[in-house]
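Scroll down for the structure; my scribbles are underneath it.
Values below: all heavy atoms of this structure, side chains included; hydrogens, waters and symmetry mates excluded. Being a predicted model, the structure only gives us computed values, none of them experimental.
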Amino acid sequence: MTEPRILTVRPEPDQYAWTFGGAAPLARIAPGTVLDLYTEDCFAGRVRSEKDLVSEVCQFPYLNPQTGPFHIEGAEPGDTVAVHFVSIEPARDWAASTTVPLFGALTSTHTTATLQPPLPERVWIWQLDRARGTALFQAQDSDIRVELPLDPMHGTVGVAPAGLEVRSALVPDAHGGNLDTPEMRAGVTCYLGVNVEGALLSLGDGHARQGEGETCGVAVECAMNTVVVVDLLKGVTTPWARLESDTHIVSTGSARPLEDAFRISQLDLVRWLVRDYGFSELDAYQFATQAVESPLANVCDTNYTCVAKLRKEWLPARETYRGVHARLRESARSLRG
């Protein structure tokens, strides 16, 4: 067996991308390459204590730095990039979460404009015990302390958008981007439709953990050491970002209002069942209605993101995406020794 090509990337501060599209490639890679990456947190490491308010230490739009983009050789519109997450591990013993003025689901925002003042701006520093796999919540207005399990994920994974667009790394859409779904964890394969030559894959926005919905707008934000395997499926289309784990297939939809994000994810799942699992459209609609799980990803970003997921054990024994998830999972096992 040929040893996989491994590219290690530890970006300098001036090498991060802040958009999807419009950024020059950081490197060119062949399909099958293993990327060993460092990703900075969404604040670019500037929020390090409870005194570091986002409004004072960060400058919009320089939020959500991405490691990449990576030009994937042979990728063309109409293809699909498969990104398998081998491991996602916090790079520090601490992470930060905040409230941000005019941002989040339970406050006035720029688009939900009211006369109420914004919520107070605060910072919570979470202590991470990487050996034990825990994150410590310490309340600021009481003596409450709660340990929660680490559940590392990437909030942002995507490729360049279609139509010559350049999108902020804060925006989720059909190209992926800032999806903020806890489903994007180790052991999962993410499928992204290629829109431009080379695809231009980037990722970042590590979360030590995040609840569904990311209600206040900020997860437990953490720099990450992440290993992924990148592959290319020629002639296979993917209209919206999709994920596959050992147990589920997962569709995403991003839009505003929230109902439209829900509709997109559900419709994409129905069409996935038709294309790869042998259902007619109406049979797929009926089956998904009774079997789907529909967790929220985020209700705070410029577009909201919903997820539609189905248990693979309930599906016909058919191959999806040419069996790439199982193949990359085996590659991941060999990398872990």
For the pair Thr252 and Arg242, evaluate side-chain contact (heavy atoms from CB on, under 4.5 Å) and give the outcome as yes or no after the intermediate values.
CA-CA 6 Å; Thr252 69; Arg242 293 172 175 173; over 6 Å; no

Could you go through Thr80 and Thr238, starting from their C-alpha distance and side-chain angles, then the distance that decides it, and tell me whether this counts as side-chain hydrogen bond (donor to acceptor under 3.5 Å, both in side chains)?
CA-CA 6 Å; Thr80 289; Thr238 301; 2.7 Å; yes

Check the pair Gln116, Thr114 against side-chain hydrogen bond (donor to acceptor under 3.5 Å, both in side chains), reporting the backbone distance first and the verdict last.
CA-CA 6 Å; Gln116 286 90 350; Thr114 72; 2.5 Å; yes

Before giving the answer on side-chain hydrogen bond (donor to acceptor under 3.5 Å, both in side chains), spell out for Ser55 and Glu121 the whole-Å C-alpha distance, their side-chain angles and the decisive distance to 0.1 Å.
CA-CA 8 Å; Ser55 62; Glu121 187 172 7; 2.7 Å; yes

Determine whether Leu200 and Val159 satisfy the following criterion, side-chain contact (heavy atoms from CB on, under 4.5 Å), listing intermediate values before the conclusion.
CA-CA 5 Å; Leu200 300 181; Val159 294; 5.8 Å; no

Please determine whether side-chain contact (heavy atoms from CB on, under 4.5 Å) holds for the pair Arg92 and Arg48, giving the CA-CA distance in whole Å, both sets of side-chain angles, and the decisive distance to 0.1 Å.
CA-CA 11 Å; Arg92 301 180 181 126; Arg48 307 178 71 89; 4.3 Å; yes

Under the side-chain contact (heavy atoms from CB on, under 4.5 Å) rule, what do Gln66 and Trp18 come out as? Steps first, then yes or no, please.
CA-CA 6 Å; Gln66 301 299 300; Trp18 305 92; over 6 Å; no

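Looking at Thr181, its side chain never comes within 3.5 Å of a backbone N or O of Met184 through a donor-acceptor pair. Checking side-chain atoms of Thr289 against main-chain N and O of Tyr285 turns up a donor-acceptor pair under 3.5 Å. Panel note: side chain Ser49, backbone Lys51; a donor-acceptor pair is recorded below 3.5 Å. The backbone N or O of Leu53 lies less than 3.5 Å from no partner atom in the side chain of Glu56, so there is not a single donor-acceptor pair. Asp301 places no side-chain N or O within donor-acceptor distance of the main-chain N or O of Tyr304, the cut-off being under 3.5 Å. No donor-acceptor pair closer than 3.5 Å links the side chain of Asn225 to the backbone N or O of Ala91. Asp79 contributes a side-chain N or O that, together with a main-chain N or O of Gly235, makes up a donor-acceptor pair within less than 3.5 Å. With Thr107 contributing its side chain and Gly104 its backbone, the two residues share no donor-acceptor pair below 3.5 Å. Using modelled atom types, no side-chain atom of Thr215 and backbone atom of Ala105 make a donor-acceptor pair closer than 3.5 Å. Side chain of Arg209 to backbone of Ala219: no donor-acceptor contact under 3.5 angstrom is found.
Around atom OH of Tyr62, no more than 12 heavy atoms belonging to other residues, nucleotides or ligands sit under 6.0 Å away. Within a 6.0 Å sphere centred on CZ of Phe43, other residues, nucleotides and ligands contribute more than 12 heavy atoms.
With rounding to the nearest 0.5 Å, the separation of CZ in Arg318 from CZ in Arg275 is 13.5 Å. Interatomic distance, His207 NE2 to Ser97 OG, rounded to the nearest 0.5 Å: 9.0 Å. Put simply, CZ on Phe103 and SG on Cys216 are 8.0 Å apart, with the number rounded to the nearest 0.5 Å. Asp129 CG to Thr134 OG1: the interatomic distance, rounded to the nearest 0.5 Å, is 4.5 Å. Separating the CZ atom in Arg10 from the CG atom in Leu37 is a distance of 7.5 Å, to the nearest 0.5 Å. Leu243 contributes atom CG, which lies 12.0 Å from atom NE2 of His248 (distance to the nearest 0.5 angstrom).
The two residues Pro172 and Asn303 make their nearest non-hydrogen contact at O-ND2, 2.9 Å. Closest approach of Ala255 to Ile264, counting heavy atoms only: CB-CD1, 3.9 Å. In plain terms, the two heavy atoms of Pro31 and Ile72 that are nearest each other are CG-CG2, 4.3 Å. Across Gln15 and Leu26, no two heavy atoms sit closer than the pair NE2-CD1, 4.0 Å. Residues Ala308 and Ser265 approach most closely at CB-O, 3.6 Å, considering heavy atoms. Taking each heavy atom of Ala223 and Glu40 in turn, the nearest pair found is CB-OE1, 3.7 Å.
Side-chain contact check for Phe262 versus Leu296: every heavy-atom pair is 4.5 Å or farther apart. Counting only heavy atoms from C-beta outward, the side chains of Cys306 and Gln266 never approach each other to under 4.5 Å. Looking at heavy atoms from C-beta onward, Arg122 lies out of side-chain contact with Thr98 at the 4.5 angstrom threshold. Counting heavy atoms from C-beta outward, Leu273 and Leu315 have side chains that approach closer than 4.5 Å. Residues Phe287 and Phe279 meet the side-chain proximity criterion, which asks for heavy atoms closer than 4.5 Å. A 4.5 Å side-chain heavy-atom check between Cys222 and Pro90 finds at least one atom pair inside the cut-off. At a threshold of 4.5 Å between non-hydrogen side-chain atoms, the residues Leu136 and Arg145 count as touching.
Salt bridge absent: Arg46 and Asp41 never bring a charged side-chain N and a carboxylate O closer than 4.0 Å. Between Glu76 and Lys234 there is a salt bridge, with a side-chain nitrogen of the basic residue lying less than 4.0 Å from a carboxylate oxygen of the acidic one. Look at Glu183 and Lys309 and you find a salt bridge, because one of the NZ, NE, NH1 or NH2 atoms lies within 4.0 Å of a carboxylate O, short of that distance. We find that Glu330 and Arg327 are not joined by a salt bridge, their nearest charged nitrogen and carboxylate oxygen being 4.0 Å or further apart. Of the charged side-chain nitrogens involved, none lies within less than 4.0 Å of a carboxylate oxygen, so that Asp276 and Arg271 do not count as a salt-bridged pair.
In this structure, Phe85 is not a member of the same hydrophobic cluster as Val34, with clusters built from ILVMFWY side-chain heavy atoms closer than 4.5 Å. In terms of hydrophobic clustering, with Ile, Leu, Val, Met, Phe, Trp and Tyr side chains grouped at heavy-atom distances under 4.5 Å, Val250 and Leu192 are assigned to a common cluster. Val123 and Trp126 fall into different hydrophobic clusters, defined by Ile, Leu, Val, Met, Phe, Trp and Tyr side-chain heavy atoms under 4.5 Å apart, directly or through other members. Hydrophobic clustering, with ILVMFWY side chains joined whenever heavy atoms are under 4.5 angstrom apart, keeps Phe20 apart from Phe70. In the hydrophobic clustering of this structure, Val307 groups with Val188; members are Ile, Leu, Val, Met, Phe, Trp, Tyr whose side-chain heavy atoms approach within less than 4.5 Å, directly or through other members.
Using a 3.5 Å distance cut-off with no hydrogens or angles, the side chains of Thr302 and Arg256 do not pair a donor with an acceptor. In this model, a donor atom of one side chain and an acceptor atom of the other lie less than 3.5 Å apart for Asn298 and Thr305.
Among Leu63, Thr156, Asp180, the single residue meeting the side chain to side chain contact (heavy atoms under 4.5 Å, CB included) criterion with Leu170 is Leu63. Among the candidates Val83, Val86, Val228, the single residue satisfying the side chain to side chain contact (heavy atoms under 4.5 Å, CB included) test with Leu35 is Val228.
Among pairs with a residue in residues 185-204, those fulfilling side-chain hydrogen bond (donor to acceptor under 3.5 Å, both in side chains) read His84-Thr189, Asp151-Arg185, Thr189-His325, Tyr191-Glu244, at least two apart in sequence or across chains.
Aromatic ring centroids of Tyr321 and Trp272 lie under 6.0 Å apart.
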